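For clarity, every value in this text was computed on a predicted model and none was experimentally measured.
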Amino acid sequence: MPAGERAIQSRFRHIVVATELSYNKRHTASLTNSLPCIPTSSNRKSHLMRTSQLQLSTTKESPADAEVISHQLMLRAGMIRRLSAGLYTWMPLGLRVLRKIEKIVREEMDAAGAAELLMPAVQPAELWQESGRWGQFGPELLRLQDRHNRDYCVGPTHEEVITDIARRDLRSYKQLPVNYYQIQTKFRDEVRPRFGVMRSREFIMKDAYSFHASPESLQQTFDDMYQAYSNIFSRMHLKFRAVEADSGAIGGSGSMEFHVLADSGEDAIAYSTGSDYAANLEKAEAVCTESRAEPLQEMTLVDTPDTKTIQALVDNFDLPIDRTIKTLICHASEACDAELVALLVRGDHQLNEVKANNHPMVATPLCFASEQEIRNAIGAGPGSLGPVKLPIPVIADRTVAAMSDFGAGANVDDKHYFGINWNRDVELGEVADLRNIEPGDPSPDGSGELQILRGIEVGHIFQLGDKYSTAMNATVLDENGRDVVMSMGCYGIGVTRVAAAAIEQNNDDNGIIWPVPIAPFEVVIVPINMRRSDALKEAAGQLYSDLKSAGVDVLLDDRDSRPGVMFADMELIGIPMRIVISDKGLAKGAVEFKGRTDDAATDVELGGIVDFVRARLAELSG
RNA sequence: CGGGGCAUAGCGCAGCCUGGUAGCGCAUCUGCUUUGGGAGCAGAGGGUCGCAGGUUCGAAUCCUGCUGCCCCGACCA
């Protein structure tokens, strides 16, 4: 038996054992620890939700391989359990969060006029061959065969299936526009799954696809989706930003990403302090408002031994870093006569590889030249390169074009030119935006300056155009009775990723701090020593029932643990509000209320606690 | 795919160098005590030391191969 199979078997064996144990435990508990008496006749549907029913299982320590805080907290809180690389079980507590996220997404998608459907997770290869993606998609696409050796894939996305639906069902322009959506499990065989459900292989996504007879109609639905997405993330109480994105290989015009802001986010976002402008760092335009100063220095050739880096140049020759130039050599596109092309950015700036890749003179995909290729073409190695007497085409960043009296390699090993000036010493040829923006750069829309935030991409809307509809011949008849290819938009939200992103954004030393709209419960009742007091049991049950009747999503911690354990657990799993009920409090007719982020608890009269909670909820829910 | 690391009880780890009865903390179970911020004491259960070979009287430990996982990089809606 292969080792993997045995591991799986032994894992299952363990699960069976655990289930038996917990069954026995629950069984015994229900015998020995009779539950609070709840009036059910008036309220049969809203059953009692107790921590014991949730099978809550928290830990103090997190597994060593959990890197990011959301992954650690989700494991510690018992929201998820890992089955295998990039594959997670959503435990009862975590599933409640997912369901709340899905509910908000559904409501807003429905309100925006989209229609929910559900497509198969497994898709036949024929469709992907038709769109051309069977060959394009790399190992990310999980391919499999059925018993007849027919090829299938587990869908990483559903453009092909939905386009097939559209071409079968849509006949006339009169039926357009339509916007279909689904909430589905997707699979992408990520090179390196990590960060828990943030970048897992299997994940739940809301994806929507719209079909149109005109660009105006596509733009309208795109705008509607922009609004719907803004509503969705606002309703979840997440701090987010919509940013312009590079549309990448998929093409199309409009492309906006929605990012949940968090310091730990994987993506950098540039935003203007003076306007609504925001863009993915890959896309954010670096403008140069300075004009070139007149030359003050003569160009001189200087011996610069052991000076292979910008930093060494700055240190050894007292040259300000903003008067140095980095010369990067990459493969040229067919549009150039040469094999190689040089990219120039200022010494303290970073090359933006997406921008470079998009330049017509640069080979796609971007490929840096090897040292040998550089030596063959230029006669000097990296570290001594510069624009003067360079035998290959040059593209200068906009900022570089505005520099004067600067230093750069002389294309001779261990020599640099200082005091270089454009046009006088070397022709300034092609100029383009090649670099990443830096904090403090002027905003490209002219108002304010740019700063950088980090974000987690949770949504992406873009206008696909006719890529799939043309490839798959999805047409309708127009007013003139002629076939027209429909244009498409597509709109995704990473449902499982939203849960993780919310935690990245909202946590403290004690655990998760759920925004109320997506918290697994809104409020938890923590009875102190309930087992010993029938009166307390009764009161806790009554309070639960009252809150439930008032429409509050409430959890009762019936575990009869020590108070400290219950407090710590409820803070770890991030319930926004906590009511402590005890004999001591009941004696004075009060319970104790504490919001998750409150500094201290406050006493509230028992008779008024339901209204108090509702008021607090209204406040927190906006 | 390149580089590095790890694999010992459910979780977190020690033991390995220098081969000789497999340990610690948390968790679990039992009993007693305790009961408003992750309780105390006493006891118990739980391990083919990732897998397969090899060396050896003897392997968690040394050697070889394999597998899985993690990190960095490259890649990626």
Peer 1: Quantified in whole Å, what is the C1' atom distance between nucleotide B:C11 and nucleotide B:U28?
Peer 2: 12 Å

Peer 1: Within the 4.0 Å heavy-atom criterion, would you say A:S62 contacts the bases, only the backbone, or no part of the nucleic acid?
Peer 2: sugar-phosphate

Peer 1: Between B:G50 and B:C6, how far apart are the P atoms? Round to whole Å, please.
Peer 2: 13 Å

Peer 1: Using a heavy-atom cut-off of under 4.0 Å over every strand shown, decide if A:E592 touches base, sugar-phosphate, or nothing.
Peer 2: base

Peer 1: Say we look at B:G20 and B:G25: how far apart would their C1' atoms be, to the nearest angstrom?
Peer 2: 27 Å

Peer 1: Under 4.0 Å, counting only non-hydrogen atoms across every strand here, what does A:R497 touch: a base, just sugar-phosphate, or nothing?
Peer 2: base

Peer 1: Classify A:M205 by what it touches in the nucleic acid, base, sugar-phosphate, or nothing, heavy-atom distance under 4.0 Å.
Peer 2: base

Peer 1: How far, in whole Å, is B:G46 from B:C51 if one measures between their C1' atoms?
Peer 2: 22 Å

Peer 1: Looking at the side chain of A:S582, which of B:G36, B:A77, B:G12 is the nearest nucleotide?
Peer 2: B:G36

Peer 1: Find the partner of B:C51: check Watson-Crick (N1-N3 plus N6-O4 or O6-N4) and G-U wobble (N1-O2, O6-N3) distances, both under 3.5 Å, and reply none if neither fits.
Peer 2: B:G65

Peer 1: If you only use heavy atoms from C-beta on, which nucleotide in B:G38, B:C70, B:U35 is closest to the side chain of A:K60?
Peer 2: B:G38

Peer 1: How is A:E140 classified with respect to the nucleic acid when contacts are heavy atoms under 4.0 Å: base, sugar-phosphate, or nothing?
Peer 2: sugar-phosphate

Peer 1: Taking atom P in both B:C26 and B:G43, what distance in whole Å separates the two?
Peer 2: 15 Å

Peer 1: For B:G31, give its Watson-Crick or G-U wobble partner with both distances under 3.5 Å, or none.
Peer 2: B:C41

Peer 1: Nearest of B:A39, B:C75, B:G36 to any side-chain atom of A:F567?
Peer 2: B:G36

Peer 1: To the nearest 0.5 Å, how far apart are NZ in A:K206 and CD1 in A:I183?
Peer 2: 8.0 Å

